[in-house]
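Before any comments, here is the structure.
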Amino acid sequence: MKDDIQKVVSQAVESIGKNLDLQDLSVNVEVGMPKKKEFGDFSVNTAMVIANKIGKKPREVAELIIENLPKEKDDLFNKIEIAGAGFINFYVKEEAIVNKLAEIESKGADYGRGNMGQGEKVLVEFVSANPTGFLHMGHSRNAVVGDTLGRILDASGYDTVKEFYINDAGRQMNLLGESIFIRYKELFGDKQELPEDGYKGEYVADIASQIKSEKGDSLLKDYSKEESTEYCKEYGKGILLEEIKKDLADINVHFDEWYSEKYNIHSSNNGSDGSKLDQIKELLNSKGVLEEREGALWFKATEFGDTQDWVLIKSDGSPTYFLADIAYHFDKYERGFESVVNVWGSDHHGHVSRLKAALRSLGLDESRFNVVLIQFVRLMREGKEVAMSKRAGSYVTMRDVVEEVGSDVMRFFLLMRSSESHLDFDLDLAKKESSENPVYYIQYAYARIGSIFRKAQEEGVVQSNENLALLRAPEEIDLVKKLLLFPEVVEDSAKSLAPHKVAYYLQELAAQFHVYYNKCRVVDDDKQMSAARLYLIQCAQTVLGNGLNLLGVSAPERM
RNA sequence: GCGCCCGUAGCUCAGCUGGAUAGAGCAACGGACUUCUAAUCCGUAGGUCACAGGUUCGACUCCUGUCGGGCGCACCA
C-alpha cells in the first residue's frame, strides 16, 4: 500500500520537475501513517521537503503535486486532502485495501519474509557463556534476543548463522578443572579448601562423583596432578555444555555452530601456520600497531580512537582474552561473513571500542561489526527484587524460571522491551493467565480464530475471496491495514536489530483483532459475508502465527 | 575523573530514525456474556516527555550543558 503511494507521488514530483525545468528535484518520498483518523490513511510530507527548491509555499506545492498525480489515483483513493503546514493526506478506497489480502493468503507462512538482506552472510553470536556453570537469568535475555534476531534476519533475506562461542580456554576453565579435582579428592578423604574464586556450586561435586564412578581412583594413582586437572576440566566442560544446550533447547533457542575457542583459536590444527592467535599477532605486528612495554606486548589502540592501549601478551607470555577476541573476529570475516552481530551484556560495552579499534587497525570496515548491548534483568516477585548474588550462591538459574513460567512467557517477556532499557521481569504477572499477561493476549487471538473456524466447519461455511468488497466495517478495514504492515515491521526490526518491535506489533494486531471480534460476527446467516470474513481472519491468523513464530513463541489452536 | 545506556501517565514501557491534538498495558472508577472462547470488549480519569539553552517551517526525537539512576574504565574473562 505504501509502495503504491510512494510511486504515484514520486511520479508527480518527477513531472513537476520536468514542467519547471528543475533537474535535481528527485526526492525520497516518505509515506507515513497518521495517528489520527481524520488525517487519512496515509500522508506524505513531500511538499514541505521540496518547497524550498521550488520556491513556493508548501501548501501551493502540495496542490501542484496533487494536480500532477497519475490517473491511476482514481482507482486508489476516495479523497486526497491538503492539511496542516503542507501535508498531503490520502484516503484509500476500502476495496483497494481489502484486495491486498490476496498477497497474505498466497504467501501464507512466507508472508512477512523479505529480501532486504539480499543473501548477505551474517553471523549472529550470542550467549557464549563459559561452560563453567548453569545459565542464569542474565544469559536468558541474551539468548532469547539473539535467537530472535537470528530468526528476524533470516526472514529478512540474510543468510544467517547463529553461533555460540565456547569460551573454553583460559583462567575460568582452569578454575573449573581445579575445583572439580578438589571435590574429587574429597571423595577419597583428602579434604582441601577451594581456591578463593573457585566454583562452589553443588554441581561441581556432582561432576566429581561422576568421574569417580567412571574412573575410580585412577586420577590419583595413574596420572600427574596436571593431567588429572586437565581431565576434570574437559569432563566438566562436556557435562556443563550439555546442560547449557538442554536449557537453551527448553526455551526454543538453537544454534547452527558451537565454536570452540580452544580448538579454533588457540590450537594450531591445520599445518604450519600456527594458531589463529599467532597469526593475528603477526598480522597486527606487520601493521606496526604493536609495542613492547614492561615485558608485555601492547596494542596501540589510542592510535585508532580508543581511550587507552591494551595488553595482548602478558609479561608471563600468555595471551589475553582481548587478543583471542581479535583473532576470533578476524576469523569470522575469514569464514566469509560479510557482517557480524554480537549480542553482549551491557557490562561488556567497554569492550566495543577497543575491538573496533583493533578491526580498524586491520583495515576492516567497522560498519560490518554490530553489537547489540543487553541491559540487565531484574527479577521481581511481589513487588520486590529477587536478590541474585553469585557470590552468596543465591542466584537464580534460567532453568528455575523456565520451570516456573514456561518457555512462551519467558521468551515474550524478555523480548517485549527494547534491549537497551533495563527490564523488570515480573514473576507474578508472568504466571497470571489473564488479560494482564500479554503473551496470552496474543495467543488467545490466535486460538479464537481457530475456534471460529471450528464453528464455521460445523455450519458448513467456507472462506472465499469472491466478495471481499463486502468488508467495509471500519473495524475490519483497520484490521486489514494492520495486517498489511507486518512485512514492514519485520524489515524495520531487522534493520534496527530490535526484536521488541515485532512483539509490540503483535500486541497491537491482537488488540485490533479482539476489537473486530467483539464488533463483527464472522459466522452468520449471510453466507457471502461469512465467507469474506473467514478469509480475513484466516489472513489474521497467518500473520499472528508468523509473528509468534519469529519470536519463537507457540501459537495454540485452542486455549 | 573519562566513556556507554537510561530518565515519557501512580507502576512497567512504546514512540515508525525531525512531523499534525503524546501512545499502550497494568493499577483506579463505571459499563457489556441466552451469541464464533469474557484469557475479550466499551467508556472515564491520569502528562511542564528530568531541567536549561541551541539548531528550523516544526524537537519526546538532533547538538551542548546540568541533575538523577544503571554499567564499565586490569598484564580477569
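Each chain gets a letter, A, B and so on, in the order the sequences are listed, and its residues count up from 1.
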- Query: In whole angstrom, what separates A/F322's CZ from B/rA77's C1'?
  - Reply: 13 Å

- Rounded to the nearest angstrom, tell me the gap between atom CZ in A/R558 and atom P in B/rC36. 14 Å

- Task: Could you measure between the two C1' atoms, the one in B/rG3 and the one in B/rA14, and give it in whole Å?
- Result: 28 Å

- Message: If the condition is salt bridge (charged side-chain N to carboxylate O under 4.0 Å, His left out), which residues does A/D168 pass it with, not counting sequence neighbours?
- Response: A/K237

- Query: Does the base of B/rA20 carry an N or O that pairs as donor and acceptor with the side chain of A/N89 under 3.5 Å?
  - Reply: yes

- Task: Tell whether A/S43 reaches the base of B/rA20 with its side chain through a donor-acceptor pair below 3.5 angstrom.
- Result: yes

Name the atoms and distances for all side-chain donor-acceptor pairs under 3.5 Å in residues 296-303 of chain A, with sequence neighbours left out.
from, atom 1, to, atom 2, distance (Å)
A/W298, NE1, A/R293, O, 3.3
A/T302, OG1, A/D309, OD1, 2.7

- Note on the structure: Nearest-nucleotide check on RNA chain B, A/D492 vs A/V44; residue mapping nearer the 5' end is A/D492

- Looking at every strand, decide which applies to A/A447 at a 4.0 Å heavy-atom threshold: base, sugar-phosphate, or nothing. base

- Quick one: A/H500 NE2 to B/rC6 C1', roughly how many Å, whole number? 14 Å

- Note on the structure: Sorted by chain and number, sequence neighbours left out, salt bridge (charged side-chain N to carboxylate O under 4.0 Å, His left out) with A/E178 holds for none

- Task: Using a strict cut-off of less than 4.0 Å between a Lys/Arg side-chain nitrogen and an Asp/Glu carboxylate oxygen, indicate whether A/K262 and A/E230 qualify as a salt bridge.
- Result: yes

- Out of B/rA20, B/rA77, B/rC41, which nucleotide sits closest to the side chain of A/N518? B/rC41

- Item | Partners meeting side chain to side chain donor-acceptor pair (under 3.5 Å) with A/R171 (sequence neighbours left out) | A/D197

Report all interatomic pairs (protein N or O, nucleotide N or O of nucleotides 68-73 of chain B) with separations under 3.5 Å.
from, atom 1, to, atom 2, distance (Å)
B/rC73, O2', A/Q308, NE2, 2.6

- Task: Would you confirm whether the ring centroid of A/W344 sits within less than 6.0 angstrom of the ring centroid of A/H349?
- Result: no

- Item | Modelled atom types, side-chain donor and acceptor of A/R417 and A/H422, under 3.5 Å | no

- Would you mind reading off the distance between A/D525 atom CG and B/rC36 atom C1', rounded to a whole angstrom? 13 Å

- Task: Tell me what A/S421 touches on the nucleic acid: a base, only sugar-phosphate, or nothing, going by heavy atoms under 4.0 Å.
- Result: sugar-phosphate

- Phosphate oxygens OP1/OP2 of B/rA39: is one of them under 4.0 Å from a side-chain N or O of A/Y444? yes

- Query: Reading nucleotides 59-65 of chain B 5' to 3', which nucleotides get B (base under 4.0 Å from a protein heavy atom), which S (sugar-phosphate only), which -?
  - Reply: -------

- Listed by chain and number, what are the salt bridge (charged side-chain N to carboxylate O under 4.0 Å, His left out) partners of A/K281, not counting sequence neighbours? none

- Message: Under 4.0 Å, heavy atoms only, any strand: does A/K314 hit a base, just the sugar-phosphate, or nothing?
- Response: base

- Message: Rounding to an integer number of Å, can you tell me how far A/K501 NZ sits from B/rC13 P?
- Response: 18 Å

- Message: Is it the case that atom CD in A/E404 sees more than 12 heavy atoms from other parts of the structure closer than 6.0 Å?
- Response: yes

Show the atom names and distances, to 0.1 Å, of all donor-acceptor pairs under 3.5 Å that link a side chain in residues 536-545 of chain A to residues at least two apart or in another chain.
from, atom 1, to, atom 2, distance (Å)
A/Q541, NE2, A/Y446, O, 3.3
A/T542, OG1, A/Q538, O, 3.0

- Not counting sequence neighbours, which residues clear side-chain contact (heavy atoms from CB on, under 4.5 Å) with A/E459? List them please. A/K455, A/V461, A/V523

- Message: What is the distance, to the nearest angstrom, from the CG atom on A/L485 to the C1' atom on B/rC16?
- Response: 9 Å

- NA contact type, A/N167, heavy-atom cut-off 4.0 Å: base, sugar-phosphate, or nothing? nothing

- Message: So A/R171, base contact, sugar-phosphate only, or nothing? Heavy-atom distance under 4.0 Å.
- Response: sugar-phosphate

- Check side-chain contact (heavy atoms from CB on, under 4.5 Å) between A/F39 and all other residues, then give those that pass, not counting sequence neighbours. A/P34, A/K36, A/N89

- Task: To the nearest Å, give me how far apart CZ (A/F513) and C1' (B/rA39) are.
- Result: 13 Å

- For A/D408, check salt bridge (charged side-chain N to carboxylate O under 4.0 Å, His left out) against everything at least two apart and list the hits. none

- Note on the structure: Pairing string of RNA chain B (Watson-Crick or G-U wobble, both atom distances under 3.5 Å; | = paired to other strand) is (((((((..((((.....[...)))).(((((.......))))).....(((((..]....))))))))))))....

- Are OP1 or OP2 of B/rA38 and a side-chain N or O of A/Y517 less than 4.0 angstrom apart? yes

